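Just the heavy atoms: all of them, side chains too, but no hydrogens, waters or symmetry mates, feed the values below. Small disclaimer: the values here were computed from a predicted structure and weren't measured. We name chains A, B, ... by the order of the sequence lines, and we start the count at 1 in each one.
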Amino acid sequence: MIEEISTTEQGELVVNLGPQHPSTHGVLHLVVTLSGETIKKVEPHLGYIHRSIEKMCESLSYRQFIYVTSRMDYLSSHINNHCCALCVEKGMQIEVPPRARVIRVLMDELTRLASHQLWWGAMAMDVGALTPFFHAFREREAINDIMEETCGARLTMNYMVPGGVMADIHPDFQRKVKEFTRFFREKIGEYDELVTGNIIFKSRMEGVGFLSAEDAVSYGCTGPAARASGVSCDIRKISPYEVYGQLQFEEAIETGGDCYARYLVRMREMRESLSIIEQLIDNIPDGEFQAKTKAVLKLPKGEFYSKVETARGELGVYIISEGGTTPYRIKFRSPGFSNLSALDHMARGYKIGDLVAVMGTLDLVIPDIDR
Amino acid sequence: MSQVPLGHILFVSTALFFIGCYGLFTRRNMITMLMSVELILNSVNINFVAFNRYLYPEALDGVFFTLFIVAIAAAEAAVAIAIIINLYRNFRSIDVEDADEMKF
Amino acid sequence: MDVSGQNTPGQQPNEQHPAAQQPNVRPFPGDVHPTAGGGILLTKLDEVINWARSNSLWPLVFGTSCCAIEMMSTASAKYDWSRFGFEVARATPRQADVIIIAGTIVNKMAPVLRRLYDQMADPKYVIAMGACATSGGPFFYNTYSVVKGADHVIPVDVYIAGCPPRPEALLHALITLQEKIRNTHAER
Amino acid sequence: MGSFSLIVLVIAGVAFSAGGIAVSRFFVKGSSNPAKGEAYECGIPSSGTPWNQFNVGYYLYALIFLIFDVELVFMYPWAIAVRRVGMASLVEIVIFLFILFMGLLYAHKKGALKWM
Amino acid sequence: MAFLKKYLSDVYQGVRSLVKGMRLTGYYFTHRKEVITQQYPDNRAEMKLPERFRGEVVMLHDQNNEHACTGCTACELACPNGTIKIITRFDTTPEGKKKKALDTFIYHLELCTMCNLCIEACPTDAIKMAQNFEHSVYDRSKLTKKLNKPGSKIREGVE
Amino acid sequence: MLSFEQITHAIDKWLFTTFNPSVAIVIEGLIVGLCMIGLFAVLGLVLVLMERKVSAYMQIRLGPNRVGPGGSLQTLADTLKLAMKEGLTPQGADKFLFNLAPFLVIVVAMLILAPIAFARNVQLWDLNIGILYVSAVSSLSVIGILMAGWASNNKYSLLGAMRSGAQIVSYELSAGFAALSIVVLTGSLRISDIIESQRDGWWLFKGHIPAIIAFIIFIIAVTAETNRAPFDLAEAESELTAGFHTEYSGMKFALFFLAEYVNIFIVCSIAATLFLGGWMPLHIGAWTGFNRVMDYIPSSIWFVGKTFFLIFVLMWFRWTFPRLRIDQLLNLEWKYLLPISMINLLLMTLIAIKGWHF
Amino acid sequence: MGWSSIVFYLISAFILITGLLAVTSRHLFRSAIWLLFSLTGIAALYFWLGMEFIAAVQIVVYVGGIVVLIIFSIFLTQQTGKQLPAPVRSRAIFSVLAVCIGFVLTCMLIRQYPFPPSRRFGQNAPDMSVGAIGSQLLSVSEHGYALPFEVISILLLAAMIACIVIAIKIKPGDK
Amino acid sequence: MQKDELKTRLGQALPSATFEDGAEWATILIDPALWEDLARHIRSEADLYFDYLFCLTAVDWKTHFTVVYHLTSTVHRHTLVVKLKLDRGRPEVRTVSDIWRTAEFHEREAFDLMGIVFAGHPDLRRLFMTDEWEGWPLRKDYEDPVNMIKL
Ligand code: SF4
Ligand code: SF4
Ligand code: SF4
């Protein structure tokens, strides 16, 4: 179809960004129509990392299919697993012990922090500042170490199991997390110093890639992308799962709708996550970390939908069961997929440099989109 | 430089002048014609400088004429190219052959 | 020398590291089984060229999925691959020396990968990072769109297992690749 | 060593680059394959010619630059003569610059300095 | 005039924000102690990996070369991506009755995703995760391993 | 102590006494050429390594430290590797121009070295229009970039080339104005005169605020002229994969790379010459004691020190700031730097005429 | 015949050859590059004549300015991909003839006119320094060029305004 | 609006619709022909105002297909699940991408993986698979001996 595009009106230039491109964070393929430097049209081509996870899951048992989902949105793999576990538990009416709930939420928030840190570094790199990336990874590594100690893996920790978590937290867990929160509270100030206030960065971000609230809803945007346009869509607030109901935290909402607003939303979310962790870390209830479950899980016939708030927005897992040991049909409603569909709308009329900024603030994870 | 007679320098400039003329005659493309004109102007400059250097070394008028010619050439080139671009924008061609029906 | 699991530190789970217990069994790095021209004596010029090539491996910016994140971590400050001079990641294959296939290769991506590899200037090397690039990994069975191992698309020099391999593992792989380069004839 | 150095430098530069390229020519035998020669475009076969685009933006800047460049050229002799000539030079250059500054303002007003 | 004031204040604010950033990088440039790099190949000896870290699946053998695997293939079933192949054989116990026993435990490291499900599944804790992560090889067939050592047999009393 | 100056002049004298002039000058040219090539190579190696180390420490890492002692041989390995790498030319490219471009860039960089004073009386050609010559020749380098981007037959290259073209020519203006404001003070374009005029203090300190403003503007402008971050739109990795040298590989790419760093050295040395007195030691008015102490440090050290300090500042910029967008970049030049530098120049003229500077 | 005259003839040859290539090359971009070389050669000629300032001006304005502008216009007018048409044979022949005749005639003229070498040619090398140019440029005496100096600024202003007026028309969006 | 209120409200809006029980949300099963009007209706009505389509799923029951729309309202925060039954011969339904923009991509996905045709869709092309790919991978009867290795 590229041929058909390339025969555009005189003076328009069709450029492929991606699949292999520094700023597309993976293998997104954008066919950008430029006139001069101004973007006339952006057409995303997906599927360069479509791994047919939904088909796979139809032949995996309810214990097994969870681990595949951590490969979808690998930056918040923990939260993906969480969502699947929730869905299975909903189907089997498993009562998750309180300790497990708290541990899960802690892990979710840590994952969210790690994800946002990586986003911060990568986005700064996209707009040309290379140093923030390394500073962000310093904090991210600290989280990774904690994760590794408890879950046994740095990135794709397969820690959630139906009915709780796979193993109890590591004895050092609480101490380390406390250290980390203290450490990160001071470092996040440096983030602002280095990037947030920077005049160049601001002028790169402000007024770029505007998305109105209506469009945000109509395009199905969720997470920071939508909250930056003033749409309240935080699943943790709307339909609280686990212990989020009992926690004090704010849903970060900006009204700017431009890249800078999206940036600020994520920065605020980091602080919120920190406060959530600080609320929970000291009072993890004692007890079981895993509910007693049968060796082989069978979901009753029916349909089960569960949704959680990942670092990118609303993740939904939709399981249709025929009563067997494997799902009959499973559908992942991934946040990136809908957010991406708004990209063309957001980037039109801006410069090619802005396209990079817009993608940076959308924080796309392509395997999450392609699944 | 004293061993090179003035005639040789003039010879060079003349040759350049006529090379420019040749381009002006044969080329049909406005940009290349503009280049030829630049060559012609330069050959004139060479003459000015050479005369000044050889015949009136105590004065600087040749230098000044060269300076002003350069300035004017720059202005002329700028305007010419602006016009060329504009023609191109409107007619998708900068060939003088089809220049006759080009009017603003 | 082989890495088959017999003498892995499994017996003593509290042992931190294989090298700590069997330093002599597993020389560093990896298992260097003789490659083409591996054993034979190399000329001085070869040595110089190989020294240069092995010490300045510029990777191509190429990460498709999860493993790419671990690749980033390898670049990051904690495990700083710039110590080896690997940090000059080039965005264009013309100037890159090594592709690190970090992530799954699906059927739609395969021709792209092939083309990128073709467009690289010689000499060029390939590292398959992670289970996916090595063999399809988690997506080996019951998937209709995943290439079962990147070596079906382009020749691979070094494989790393793991999902994802931790940054040290990637460094280890790069060092293994350096070893391989040092033991080959520099092409003339 | 005077103007002779220019010739030396040119020769040195050419020799340097030529030498480098010659070395690589001598040592490397590159494999060749159809895709190698194609233009790189993120691994997608490039489509259309890069040479069809029309962006007056760049060109306008080059244009205004040329004008100011000439002005700059005229200011070098002026700058040297300032000390000798004294106040008069200041007056003249103020007029000179003022006129061109008008031009800059005009360009600004017309939005010629606004990027499209 | 107001325009000029704004103009100047813009310049000032901009420069200030830039200087802030430069101060930070300058600080890190001058303070070597902030460097957090661990030099991997040199620190192999003292490198501490958390004991839960999942590097590869290994089968535990004790000093007289016995393991605890009954060949029940629970791990093979538990594994989501067919990494494990259990080949069992029937050998006869002294009492003369046939008994299922492990013959070969084939483990495809290149497929394994370190998801720990097999370990969870194993009733006799015959296998566990090791911390070894240096799996780089030149040809991938080397990654397919045979976990039970040659000549090893099942430990007494493990059912 | 034995200084640069004495060595060179000894060689010079010896040559001209032993051979007849024409032979001597040929030999001398040979020596000079070799020295310059050597200088190029060394600059390339040192500056790239420096860049990588500086960035590493700003990014809380160690940087190259395994190849050779402390990583000192890293860039050598890179250079060798690039020399040993295939240099391919895409079909569809204009082969002639494609191969010509690196030559042009290198030769231009070479030519600019002519009037630079590396130490007291160590200068290839102290021609009477030194600064003008430098700015004139350096305006040639943009052609090389345009040529490369054009000939590559690649969209990214073309975009990158046009970007850097517009950028470089724009910033030449304010750089020129900033330089002029010093010329006004010295009343000569000759490099040696400019340095001489700072015998009793550097212009940066003698010239009041205008000099400082001019200095800042000059630094910004040259940063943009050398396509350095935050003005590196030509190689904006995240937008156009590698800008105008996307298609270049092997030695040809290395030449671009080298030329970039040599240009950085050149502009920094010019800045040092104009504002920090080149090889002139730090003198303060009539404090003869102080000045004599300063004179003990050989002039070449002074020159190299100042230049590398400025280079470090450029690197500091690069590793701190995000990249500007093309329109912001041009706004900065045409709406801020150019007017400011014009006004600044007039102020400077006033100071010069009234003799208010120290 | 010493070094300098050899250099002179080399430079002249360079200028003429590149100039010829510039007007005959069929690639638009290449002919621009040849023009660039030719102009640079002329600058070298000025250097050789000891007119460093003019040489620098030549490079700054022509090479650094006009040629860049021409290259940009080439980029914009998209002619560059394809080759230019070869000149019509009849016209080519005609112009070659005309040019040659004119050239020969002029050369004859030059030859037969004895340029009287200036008396002061040999001794006291004239003050060609930029300073002299500057002061004369600013002086208002009868040899001064103050007025043309100012007029030039008017000219430049006019040129700039003209360009903008023309160019604004072609801004995408405004039309 | 609560689940059962929603049911009654929709019941009067669309008598022919049948409701499924036991699910978490109000689930309504309607005839594909009526879908577009209903969609416009529930999108526009002030008290329903389902402005946010958060999931679109195509399911292959071997005899027929169903397309499942999960709708919610950012104002009233109530959720509705709409199911359409398409026959396996020619699965076709009217697009809603003009009502909910996000449907454009979701429908392309459904077309790509399940082969559901959405009439009136702006550009109904393969989304994930290459254009020359045959078959609809997510269908139950999809076989691919080349790529799919059964465990
Ligand atoms: S090997 Fe594992 S971590 Fe790496 S890409 Fe494949 S699934 Fe992701
Ligand atoms: S860790 Fe997971 S993938 Fe590996 S063998 Fe065990 S179950 Fe299979
Ligand atoms: S390892 Fe454990 S689970 Fe696997 S066969 Fe042996 S005993 Fe059974």
Side-chain angles (χ1 to χ4, degrees), chain C residues 2-11 13-20 23 26 28-33 35 77-80 82-83 127-128 131 134-142 149 151 156-177 180, chain E residues 28 34-63 80-83 105 107-115 127-150 152:
Chain C
D2 76 326
V3 290
S4 62
Q6 275 84 347
N7 45 30
T8 39
Q11 294 92 333
N14 303 330
E15 273 294 340
Q16 289 315 326
H17 199 285
R26 298 197 46 213
F28 185 81
D31 63 330
V32 184
H33 65 76
T35 53
K78 190 170 167 189
Y79 325 83
D80 181 20
S82 72
R83 291 178 290 122
I127 292 182
T134 311
S135 67
F139 309 103
F140 188 82
Y141 293 104
N142 305 320
D151 48 6
V156 176
D157 291 305
V158 174
Y159 300 85
I160 324 171
C163 178
R166 55 180 300 125
E168 283 97 346
L170 180 55
L171 286 178
H172 176 264
L174 283 160
I175 295 161
T176 321
L177 179 60
K180 179 174 188 170
Chain E
Y28 281 113
E34 298 280 354
V35 170
I36 60 168
T37 307
Q38 305 171 346
Q39 312 213 27
Y40 157 60
D42 313 338
N43 70 352
R44 277 177 98 234
E46 69 275 11
M47 206 164 102
K48 292 253 177 300
L49 289 174
E51 62 272 17
R52 285 190 197 178
F53 169 69
R54 308 198 284 259
E56 67 174 331
V57 176
V58 294
M59 177 172 285
L60 298 171
H61 291 71
D62 57 14
Q63 54 282 15
N81 57 340
T83 305
F105 189 112
Y107 169 57
H108 295 281
L109 178 56
E110 74 269 30
L111 281 175
C112 180
T113 61
M114 320 299 169
C115 69
I127 47 176
K128 71 172 296 302
M129 279 291 178
Q131 277 89 33
N132 171 26
F133 59 83
E134 290 168 340
H135 300 310
S136 325
V137 292
Y138 292 132
D139 90 37
R140 89 181 190 202
S141 63
K142 285 208 178 305
L143 288 173
T144 303
K145 301 179 179 181
K146 199 162 148 302
L147 286 198
N148 55 332
K149 292 190 189 169
S152 63

Partner set under side-chain hydrogen bond (donor to acceptor under 3.5 Å, both in side chains) for Ser82(C), not counting sequence neighbours:
Asp80(C), Arg61(F)

Comparing Arg54(E), Glu110(E), His108(E) against chain C, the one with the most heavy-atom pairs below 4.5 Å turns out to be Glu110(E)

Please look at Phe53(E) and chain C and tell me whether the side chain, the backbone, both or neither of the residue comes under 4.5 angstrom of a heavy atom of that chain.
side chain

Please identify each residue that fulfils side-chain hydrogen bond (donor to acceptor under 3.5 Å, both in side chains) with Tyr79(C), with sequence neighbours left out.
Glu141(A), Arg154(A)

Are the side chains of Thr37(E) and Lys78(C) in contact, using a 4.5 Å heavy-atom criterion?
no

Between Asn148(E) and Phe105(E) (side chain of the first, backbone of the second, donor and acceptor by atom type, cut-off under 3.5 Å), is there such a pair?
yes

Need one label for Gln63(E): side chain, backbone, both or neither, based on atoms under 4.5 Å from any heavy atom in chain C.
neither

With side chains defined as the heavy atoms from C-beta onward, is the minimum distance between Val58(E) and Tyr107(E) less than 4.5 Å?
no

What residue, out of Met114(E), Gln38(E), Arg140(E), has the most heavy-atom pairs lying under 4.5 Å from chain C?
Arg140(E)

Please classify the contact between Pro165(C) and chain E as side chain, backbone, both or neither, with a heavy-atom cut-off of under 4.5 Å.
neither

Could you have a look at Gly136(C), Gly137(C), Ala128(C) and say which one has the most heavy-atom pairs with chain E under 4.5 angstrom?
Gly137(C)

